[in-house]
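Reckoned from all heavy atoms, side chains included, excluding hydrogens, waters and symmetry mates.
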Amino acid sequence: MRPSADRGSSVPSSQPLDDAKTIKTLIPYVLKYPLRVTLAMSCLILAKVSNIGIPVVLKHLIDDLSLAPNDPKRYLIFPLSLILAYGLLRLTSSIFTELREFLFAKVTQNAIRQIAIEVFQHLHAMSLRFHLGRQTGGVSRDIDRGSRGIQSLISYSLYSIVPTCIEFLIVLVYLGWNYDWVFAGITFVAIAFYILFTVKITEWRSKYRRKMNEMDTSANQKAIDSLLNFETVKYFGNESYETKRYDTFLVSYQSAAIKSQKSLAVLNVGQQSIIVVGLIAILWRAVAGVEAGKLTLGDLVLINTLMIQLYIPLNFLGVIYREIKQALLDMGNMFGILSKNKEVQDIPNAQPLKLLDPKIGPTIVFDNVYFAYESNRAILKGVSFEIKAGTTTAVVGHSGAGKSTLSRLLFRFYDIQSGAITIDGQDISKYQQSSLRRLIGIVPQDTVLFNDTIGYNIAYGKPDSSQEEIETAARTAHIHNFIMSLPDGYKTAVGERGLKLSGGEKQRVAIARTLLKNPALVIFDEATSALDSKTENAIQLEIDRLTVNRTSLVIAHRLSTVINAEQILVMDDGKIVERGTHEELIQLQGKYAEIWYLQQKEAKDEEVI
């Protein structure tokens with residue numbers, strides 16, 4: 001029965017997580033080292049206590065020097081001990097600060113590595129639909145910025161915000177305990193106004209930062225897309241057009257960056273104004289206390305020093321707050337990738353798929369399969385057929401008939417809407433995807449190679465293979481002699497997406513790679529389409545040998561390559577309209593025969609030319 005709804009017909013949109021969810025997602029990675037976190041936080045507190053102790057010791061030193069000459073406290077030993085204490089506290093503060101960073105470095109880097117690995121794995125686990133719809137430049141930029149965002153968030157939080165908050169609380173308690181509440185009140189009000197002003201202005205400025213990021217991502221996407229398609233750009237002489245298109249985004253980025261810089265000046269002036277007012281108020285109160293004899297000169301110096309120590313890190317609060325917000329946004333974008341639905345997933349406790357007889361290959365059955373990439377456009381409409389173990393089935397038909405979709409569904413790059421696909425009686429949707437794909441090898445129509453060596457690309461079919469196995473596969477695919485004629489042999493770099501090789505050479509590498517994998521089920525998707533007639537005939541012989549004792553599915557446009565198949569399926573508009581052997585289909589005088597006679601006529605015309 002035809003389905004009434006399409007499951008997962010569209011790519012889920014990438015939505016960044018909000019700040020709270022982002023932090024909640026990050027915390028488990030940080031807490032994987034609880035002892036290091038505890039020790040680092042302890043060092044942080046001790047460093048701040050030591051830092052506060054510095055002006056306290058300085059106060060006592062000044063007060064001691066202000067005593068009468070005959071006061072016994074003025075003996076050299078007392079100020080000397082204060083001087084030593086002053087130096088020791090400075091050293092202690094520095095030691096605890098560095099120790100904190102030393103302890104937390106492993107926590108930070110481990111979190112970055114673990115998250116990056118999970119995102120990378122998640123991206124590879126995403127369906128083909130996601131990868132066909134994504135923009136590589138944008139995704140790579142999100143991952144790069146997200147990884148740096150973790151470093152920034154932990155760095156700014158642990159090394160700036162948290163220490164400043166702790167120091168602020170210690171200063172408030174100290175001022176309230178040792179002096180009257182007015183000092184603590186002025187300090188609290190000034191800091192509160194400072195923080196409120198900084199947050200409000202930074203939030204206002206964030207729209208310019210967001211605009212900068214959007215334009216940066218868009219420019220990067222366009223640049224990478226243009227460079228990946230450089231041949232097309234040159235074919236049409238559109239270098240200037242591509243440059244102008246790239247510059248459009250850079251101009252928008254520049255405009256947002258200028259506005260961001262201007263708003264930063266407003267933020268800095270406002271912050272300094274609040275700091276100056278707070279310092280004037282508290283110094284006026286301290287000077288009044290000294291005049292009244294309630295405070296000493298040491299108290300005046302202590303209060304002034306405490307305020308300056310407190311305000312110095314606050315000078316960077318705007319930048320830090322903005323960077324933390326940006327880090328949270330970048331991390332949210334990266335974690336948003338992790339939150340995306342994988343669409344094609346193994347069921348809980350899925351078992352590996354096993355073959356009844358690995359020596360002859362599996363039996364493949366498509367049972368009334370309906371499939372659509374989009375809900376409003378059906379691709380397969382009730383397709384049913386069986387490929388018996390150890391036999392070759394060919395699928396032919398015009399472009400867009402749904403031939404290549406069969407191979408994608410066999411690999412389970414998509415889940416079907418209804419029906420079933422079984423291998424040796426096992427529904428592939430109920431078994432591990434990894435075990436399914438280990439059983440299948442494919443030689444695709446459009447072979448894309450890694451930007452590495454020829455040897456690496458062949459060995460990719462079996463990464464732990466020996467050099468001898470790689471060369472054997474290359475010989476079988478008739479590419480060994482060509483490789484050995486190159487100056488670097490198997491170490492020859494193939495370039496981005498294999499662009500240094502011709503179409504035929506790339507396809508022979510793909511054949512060698514599949515031969516090396518030695519799969520039980522082999523799919524040939526227009527495997528010889530990029531080869532000249534002489535090479536095609538040679539490769540076709542090797543393909544025929546490769547299909548012996550294996551189940552194989554051949555998707556072809558040229559019927560001359562499939563005449564020996566035990567079964568030929570003719571597809572049209574998502575349905576199988578004819579099936580049989582070559583001879584049976586010719587006798588039927590239907591669509592297959594029509595295509596056959598047309599191709600034979602074209603071949604004769606080419607010979608005449």
Side-chain angles (χ1 to χ4, degrees), residues 44-60 62-63 89-90 93 97 155-206 262-326:
L44 188 156
I45 294 171
L46 290 172
K48 283 301 160 189
V49 170
S50 299
N51 202 42
I52 296 298
I54 292 171
V56 174
V57 171
L58 186 61
K59 162 199 155 33
H60 288 293
I62 292 172
D63 286 343
L89 284 171
R90 281 203 172 276
S93 176
T97 298
S155 177
Y156 287 125
S157 299
L158 185 67
Y159 304 153
S160 298
I161 298 296
V162 174
T164 301
C165 291
I166 291 174
E167 188 170 3
F168 176 54
L169 292 174
I170 294 174
V171 169
L172 283 183
V173 171
Y174 184 85
L175 290 177
W177 184 267
N178 291 280
Y179 304 97
D180 62 61
W181 62 269
V182 177
F183 289 100
I186 293 173
T187 303
F188 179 81
V189 170
I191 299 298
F193 268 107
Y194 186 97
I195 293 173
L196 182 63
F197 174 81
T198 299
V199 170
K200 290 293 184 182
I201 297 297
T202 303
E203 287 290 344
W204 167 64
R205 296 183 63 238
S206 63
K262 289 179 179 178
S263 62
L264 178 61
V266 175
L267 175 63
N268 289 337
V269 171
Q271 286 176 328
Q272 291 303 313
S273 299
I274 295 172
I275 289 175
V276 169
V277 172
L279 277 174
I280 290 173
I282 204 164
L283 284 177
W284 169 80
R285 183 70 180 177
V287 170
V290 173
E291 287 292 329
K294 295 178 181 180
L295 300 178
T296 65
L297 287 174
D299 291 320
L300 177 63
V301 172
L302 169 61
I303 293 170
N304 182 64
T305 306
L306 284 176
M307 294 303 294
I308 291 175
Q309 282 189 182
L310 199 57
Y311 279 134
I312 286 175
L314 287 177
N315 278 330
F316 304 101
L317 180 62
V319 175
I320 292 170
Y321 178 75
R322 185 194 70 207
E323 292 299 328
I324 287 179
K325 289 288 290 184
Q326 185 59 47

Q: Measure across Ala286 and Ile303 and return the closest heavy-atom pair with its distance rounded to 0.1 Å.
A: CB-CD1, 4.1 Å
Q. Any side-chain heavy-atom pair from Leu295 and Tyr179 closer than 4.5 angstrom?
A. yes
Q: Could you list the residues that satisfy ring-ring contact (aromatic ring centres under 6.0 Å, His included) with Phe188, not counting sequence neighbours?
A: none
Q: Look at the side chain of Ser273 and the backbone N and O of Val269, then say whether any donor-acceptor pair between them is shorter than 3.5 Å.
A: yes
Q) Pro55 and Leu306: which non-hydrogen atoms are nearest, and at how many Å? A) CG-CD2, 3.7 Å
Q | Shortest non-hydrogen contact between Ser93 and Ala47, atoms and distance | A | OG-O, 3.5 Å
Q) Are Leu297 and Val301 close enough that some pair of their side-chain heavy atoms sits under 4.5 Å apart? A) no
Q | Heavy-atom pair with the smallest gap, counting every atom of Phe197 and Val266 | A | CZ-O, 4.1 Å
Q) Hey, is the main chain of Leu300 close enough, under 3.5 Å, to the side chain of Asn304 for a donor-acceptor pair? A) no
**Q.** Heavy-atom pair with the smallest gap, counting every atom of Ile52 and Gln309
**A.** CD1-NE2, 4.4 Å
Q: Tell me, please, which residues at least two apart from Thr164 pass side-chain hydrogen bond (donor to acceptor under 3.5 Å, both in side chains).
A: none
Q.
Is any side-chain heavy atom of Leu302 closer than 4.5 Å to one of Val56?
A. yes
Q. Judged by atom type as modelled, is there a donor-acceptor pair below 3.5 Å linking the side chain of Asp299 to the main-chain atoms of Thr296?
A. yes
